[in-house]
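To start, the structure itself, in structure tokens.
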Amino acid sequence: MLDLIIRGGDVVTPQGVARCDVAIAGETIAAIAAPDTLPAQSASRVIDAAGRIVMPGGIDPHVHLHHVWIKPDGTPLITAGPEQVGRAALHGGTTTLIDFAYWRDGASAQAAIESRDKDFVGKSPCDWAYHIMLHSEPPPEFAAELAEAIQAGYPTLKIFTTNILPSRTGRMIDFGDIWEAFGVLAREGGLGVIHAEDNDIVMHMYAKLIREGRVAFEHLADVHNALSEDLSFRRVLRLAESVPGAALYMMHVSAATGVAAIAEARKKGLPVYGETLHQYLNYTSNDYRRPNGQIYHTYPSLKSREDQNALWTGTADGSIQTVATDELCCTLKDKTVGKRIDDTTGGNSGVEPRLGVMYTEMVIRRGYSLSKYVDLVSTNAAKIMGLYPRKGAVAAGSDADITILDPTRRGQVRAADLHETDYTPWEGHDIFAWPQTTMLRGKIQVENGRYLASPRDGKYLKRKIGSEIRSRAAL
Ligand SMILES: [Zn+2]
């Protein structure tokens with residue numbers, strides 16, 4: 001007996017887009033069948049998806065939920081957690097979120113995971129996972145603990161090459177320790193996920209701009225600049241090249257120099273992947289001058305129109321594999337509380353409109369195929385992060401994480417219509433498709449705007465990075 005048949009939609013399958021029926025039994029997809037070959041009486045429910053797009057649930061590989069950010073007055077801002085952001089994600093067709101567990105201050109990797117579980121278990125309506133984030137000097141037991149974590153299903157390690165802000169010392173990891181980490185990742189089957197900026201250039205620019213009195217946040221692109229991305233990407237990629245088997249995922253690529261560095265590494269056959277953010281694809285440093293210009297910002301920073309063009313070219317030619325949000329959900333007041341280059345709140349509010357906005361920008365405005373669009377917002381993240389084919393595929397045997405998009409929907413993004421917070425950087429953005437139904441492991445979470453999920457629905461996803469992904473420039 002089937003639980004559900006999704007009938008007659010344009011289904012984005014791993015083999016391409018086809019009009020077919022999707023049969024679901026329990027938490028998984030039982031079959032993909034030719035239209036009308038599955039008898040209606042074989043299922044408890046049939047959803048008519050004629051004229052709709054049936055795709056795997058979105059995967060956002062870079063979010064920060066229940067994250068602590070220190071405001072300019074020294075008090076902590078604790079951002080929205082999995083319950084609130086997960087609800088927004090499901091309304092927007094995203095079913096899986098990958099956040100971070102902070103490994104710091106001499107604690108063990110296991111303690112980092114357990115501490116983060118307290119923020120998520122029983123509180124997340126989406127499935128989720130963590131990148132382990134190395135957030136202070138590695139402890140003496142580092143190599144053994146990292147190896148153990150990778151084998152236990154936590155195979156991605158986030159590393160910073162910068163402290164980002166002058167006031168935040170400690171998270172930058174020196175190159176000797178990164179070299180050591182790459183060795184462990186290569187040996188044990190892990191993947192390095194990297195925030196690369198050149199700390200010398202960034203801190204030099206902070207000192208210089210403060211000296212010159214150019215401290216307003218509109219100058220952020222001068223601090224977190226394209227030269228910094230160039231130098232740091234090349235240094236970290238060169239280091240990885242010297243460690244056979246070291247695979248890297250470069251987070252939030254923001255500049256043409258970053259795209260070029262990734263393209264060169266991939267041309268050599270190195271297992272290197274690029275992520276950009278939806279706001280880097282749609283806004284430039286000129287947008288800092290708009291009212292509440294901080295709402296378009298995350299670190300590193302928005303860049304020039306030429307950089308943006310290179311990011312788009314990168315998504316088209318395969319130098320960039322994923323489009324994430326760097327979600328950090330807070331109120332407009334908190335997002336704009338910092339007004340200087342050294343205190344502006346990072347992160348973005350965008351997990352809900354990501355699929356809709358990217359459909360407009362990719363499919364409607366740039367003519368990307370539906371398959372290419374789905375690769376960039378779901379499938380490639382699943383493949384790189386070790387979730388495929390369980391996630392990121394509408395295929396027999398995969399989890400029934402399915403989003404049904406309505407491509408007849410028209411209108412504009414309005415914060416008041418979203419479920420995220422009291423503002424959106426996407427206000428007024430044109431809509432050409434929007435999720436009508438979102439399903440997590442066979443359970444309908446959102447249907448025609450009705451929210452049916454529970455914060456207990458989500459499960460932690462243990463992962464294993466595929467050898468294909470680790471051994472060459474796959475995808
Ligand atoms: Zn981030």
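When a ligand or atom number is given, it counts from 1 through the structure's own listing order.
- The closest side-chain donor-acceptor pair between Thr315 and Tyr368 falls under 3.5 angstrom.
- Taking the six-membered ring for Trp, Tyr206 and His219 have ring centres at least 6.0 Å apart.
- With waters neither drawn nor counted, the protein N/O/S atoms under 2.8 Å from the Zn ion (ligand 1) amount to 3.
- Here Phe217 and His297 keep their ring centres 6.0 angstrom or further from each other.
- The aromatic rings of His64 and Phe100 lie parallel to each other, with less than 30° between the two planes, well short of the 60° mark.
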Check residues 180-188 and write down every donor-acceptor pair under 3.5 Å in which the side-chain atom is one partner and the other belongs to a residue at least two apart or another chain.
residue, atom, partner, partner atom, Å
Glu188, OE1, Gln151, NE2, 2.9

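- Cation-pi geometry between Arg235 and Phe175 is met: under 6.0 angstrom from the ring centre, within 45 degrees of the axis.
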